[in-house]
Amino acid sequence: KEKVEITKEQRTLMKVIVDAYSTHQIPQDVAKKLLQEQYSADENFLLLTEMATSQVQVLVEFTKNIPGFLSLDREDQIALLKGSAVEAMFLRSAQVFSRKMPSGQTEVLEERIRKSGISEEFIIPMFNFYKSIVSLHMVQEEQALLTTITILTPDRPYVKDQQAVERIQETMLELLRKLCVLQRPQEPQYFARLLGRLTELRTLSHYHAEMLTSWRTNDHKFTPLLCEIWDVQ
Ligand SMILES: Cc1ccccc1NC(=O)[C@H](C1CCCCC1)n1c(-c2ccc(Cl)cc2)nc2cc(F)c(F)cc21
């Protein structure tokens, strides 16, 4: 039986990541807004673009706290942010969806999102992904590390020094692996299941531009930042 223990420096690393992850969250709670009232497809589109724009801004702030990220080549830092922003947003949306809510509220939230203006064909894959995240019952350490591992994906377009990214990602993967073993000793495959979600996330993210351009709204207006990140307009 493998004796797994978190070293002192791994504990410090985890605290830095979790603190940064919980600090750099969007102030306004989109789930609360959606539960408060029903918006039109146009209003929902505007809300989405606002949420997605501020999500990119907090993502940039979060990555500054990932040990080693700022010592990467500057252009590679940009390539990693650009390459992971959509996945980070869907991962964040899934985590928001998987939050414990008073009974019946998750169903209301799901209904509001289904009717938000998103086109039918994307609803199934999106909720399949969200529900696969819900079923993992992730703790915040796992959520923060999974987002960090997503950002530190070496094979994003235009990354020059992939080895340097791999080295930092491996540190995070090893920490997450240990956490999973300690957190769920009776579920040896849990770590593999977590990483398997990143494959589903990448597939879902392939549709992101179409999900936006096919939104049931008359005016598909995007912020300059979203045009940069979301391959739209
Ligand atoms: C963007 C962003 C950043 C941080 C946190 C959450 C979000 N996400 C959003 O604001 C949008 C809202 C937006 C308003 C209309 C309904 C969906 N959103 C999406 C989503 C649907 C389709 C696409 Cl193409 C993208 C995202 N999935 C969600 C699941 C949730 F549980 C939730 F509460 C909000 C969710």
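In each ligand, atom 1 is the first atom listed, and ligand 1 is the first ligand listed.
For F62, the ring-ring contact (aromatic ring centres under 6.0 Å, His included) partners are Y21, not counting sequence neighbours. For K160, the salt bridge (charged side-chain N to carboxylate O under 4.0 Å, His left out) partners are D73, E75, not counting sequence neighbours. The side chain to side chain donor-acceptor pair (under 3.5 Å) test applied to K221 returns no partner, not counting sequence neighbours.
A cation-pi arrangement is present between R114 and F127 under the rule of less than 6.0 angstrom and at most 45 degrees off the ring axis.
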Quiz prompt | Stepwise salt bridge (Lys or Arg N to Asp or Glu O under 4.0 Å) check, E110 with K131 | solution = CA-CA 11 Å; E110 176 167 348; K131 294 189 175 168; 3.0 Å; yes
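Here E142 pairs with R184 in a salt bridge; the nearest charged N to carboxylate O distance falls below 4.0 Å.
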Dump the pairs for me: ligand 1 N or O, protein N or O, distance under 3.5 Å, to 0.1 Å.
from: ligand 1; atom 1: 8 (N); to: S93; atom 2: OG; distance (Å): 3.0
from: ligand 1; atom 1: 27 (N); to: Y130; atom 2: OH; distance (Å): 2.7

